[in-house]
Amino acid sequence: MNQVAVTSKKQKIAGYHKSLYAYINSWLSGATKTWLVAVLCGQWMFALYIFAQFTIPWITGELDESLFTHMIRGYRNGEIFSNAVLLLHIIPVMFINLSATFQLIPYIRVRFPAFHRWNGRLFLVVGFFGAISGLYMTWGIGSRLSDVGSIGVTLNGILLPIFVYYAWQTALQKNFASHRRLAVHTFILINGVWNVRLYLMGWFMVNQGPLGNSKQIDGPADIAISFASYLLPMVVAEIVFWAERKNQVRPKLIAALSVSCLALITIVGVYAASTKMWIPRIGIGI
């Protein structure tokens, strides 16, 4: 084979490799955007649920324990401190659910830096106090059905303040590469309990009922979901960061497949949680 033929073959291979890389990179971008849209829709639906179920009754002075029988330990008449912790844990979530997902959108970070900074500060502050109040509710006033079933969300609550601290510190130090990575993980951790609802309802919908679940939320599927609610998206995020550093076809392909699976799980979960939990209770609340 002469040199011209060898060169031509190499050029064809390089062109094919370049086209494949561009296709996979486009796939990864599309899968990421799909996941973001699913999260945004789910977050807004959850915010509307909080508004109808908690905020309106609180504003109108109609809060009553009869409205929260579906919760493990909801509002209880006469328990001033515990009720205050509950409301301070839940109502601020309504505000960050409306805007937190925008923190992950590059266009908004670049075009609206002031919004990104202040929205991020609000998100981190609410997330920090949400973790502390959540741990207090779980272990201080018994908002749990079993100890074993609460380990997953407890680890979430312990990790969250740590990630909030380092995400804030790297932003102050203008170490934006580390801040971006930590902020993504912090976003996932803050939404860990939200994800539990998605994954649990999605699991019920796919299996047409419980499978490996128990009334005490300590069955094997319950425990797996309690950890997967934040560990799964955190692992996917790390795969994406790894693919960005490698900038090669194989890592990009693994990342695209991983994000696609996460996006599918999220879409199913948002649909299931919205139709089975939030929308019916929004109607009752309003």
Side-chain angles (χ1 to χ4, degrees), residues 37-103 115 118-145 150 153 156-157 160 164 187 189-202 204 215 217 229 266 269-286:
V37 170
V39 170
L40 183 63
C41 292
Q43 295 267 289
W44 284 10
M45 182 60 69
F46 190 52
L48 182 57
Y49 159 74
I50 293 173
F51 179 71
Q53 188 77 21
F54 296 93
T55 309
I56 290 179
W58 173 60
I59 292 173
T60 59
E62 296 176 356
L63 276 173
D64 187 84
E65 62 184 33
S66 63
L67 300 173
F68 306 99
T69 55
H70 60 280
M71 295 180 65
I72 295 174
R73 193 185 191 285
Y75 184 92
R76 293 191 177 180
N77 298 339
E79 297 186 4
I80 297 175
F81 182 75
S82 295
N83 291 338
V85 172
L86 173 68
L87 294 175
L88 287 173
H89 176 79
I90 292 176
I91 292 179
V93 172
M94 178 183 68
F95 295 102
I96 65 171
N97 277 162
L98 294 173
S99 62
T101 309
F102 293 125
Q103 292 298 103
F115 170 80
W118 285 103
N119 189 43
R121 290 165 183 164
L122 173 65
F123 183 67
L124 293 178
V125 169
V126 171
F128 177 84
F129 286 105
I132 302 303
S133 60
L135 289 171
Y136 170 77
M137 289 168 59
T138 301
W139 297 101
I141 60 176
S143 183
R144 66 186 188 278
L145 293 176
S150 301
V153 294
N156 187 340
L160 182 47
V164 166
F187 176 87
L189 286 166
I190 289 178
N191 287 296
V193 178
W194 176 77
N195 263 339
V196 168
R197 294 171 171 86
L198 265 59
Y199 292 3
L200 191 61
M201 290 297 103
F204 288 164
K215 292 182 178 180
I217 317 182
S229 62
T266 304
V270 167
Y271 175 80
S274 297
T275 56
K276 302 298 183 183
M277 293 177 62
W278 300 330
I279 291 176
R281 291 169 188 162
I282 287 170
I284 293 172
I286 295 176

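- We find the CD1-CG distance between Ile90 and Leu86 to be 4.0 Å, quoted to the nearest 0.5 Å.
- Interatomic distance, Leu200 CG to Lys276 NZ, rounded to the nearest 0.5 Å: 13.0 Å.
- With Met45 as the partner, the side-chain contact (heavy atoms from CB on, under 4.5 Å) test is satisfied by one option alone out of Asn97, Leu40, Ile279, Thr275: Ile279.
- Here the straight-line distance linking atom CE of Met277 with atom CZ of Phe46 works out to 7.5 Å at 0.5 Å rounding.
- In this structure, the separation between NE2 on His89 and CD1 on Ile132 is 11.5 Å, given to the nearest 0.5 Å.
- More than 12 heavy atoms of other residues, nucleotides or ligands sit less than 6.0 Å from atom CH2 of Trp139.
- A heavy-atom distance below 4.5 Å is not found between the side chains of Ile282 and Gln53.
- Atom CZ of Phe115 is separated from atom CZ of Phe102 by 6.5 Å, given to the nearest 0.5 angstrom.
- For the ring pair (Phe, Tyr, Trp, His ring centres under 6.0 Å) test, no residue two or more places apart in sequence or in another chain qualifies with Tyr271.
- Listed by chain and number, the residues in a side chain to side chain contact (heavy atoms under 4.5 Å, CB included) with Thr55 are Ile50, Phe51, Ile59, Ile91, Met94 (sequence neighbours excluded).
- Of all the heavy atoms in Val270 and Ser274, the pair that sits closest is O-OG, 2.6 Å.
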Give every donor-acceptor pair under 3.5 Å between a side-chain atom in residues 118-130 and any protein atom, sequence neighbours left out.
residue, atom, partner, partner atom, Å
Asn119, OD1, Ser99, OG, 2.7
Asn119, ND2, Ser99, O, 3.0
Asn119, ND2, Gln103, OE1, 2.8

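- Partners of Tyr136 under the ring pair (Phe, Tyr, Trp, His ring centres under 6.0 Å) rule, at least two apart in sequence or in another chain, are Phe81.
- When all heavy atoms of Gly202 and Ala272 are compared, the closest pair comes out as N-CB, 3.7 Å.
- Checked by atom type and distance alone, the side chain of Arg144 never pairs as donor or acceptor with a backbone atom of Ser150 at under 3.5 Å.
- Side-chain atoms of Leu48 and Trp278, non-hydrogen and from C-beta on, never get closer than 4.5 Å to each other.
- Scored by the side-chain hydrogen bond (donor to acceptor under 3.5 Å, both in side chains) test, Thr101 finds no partners at all (sequence neighbours excluded).
- For the atom pair CG of Asn156 and CG of Leu189, the computed distance is 5.0 Å after rounding to the nearest 0.5 Å.
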With a cut-off of 3.5 Å and sequence neighbours excluded, list every side-chain donor-acceptor pair involving residues 190-199.
residue, atom, partner, partner atom, Å
Asn191, OD1, Gln43, NE2, 2.8
Asn191, ND2, Phe187, O, 2.9
Asn195, ND2, Ser229, O, 2.9
Arg197, NH1, Val193, O, 3.3

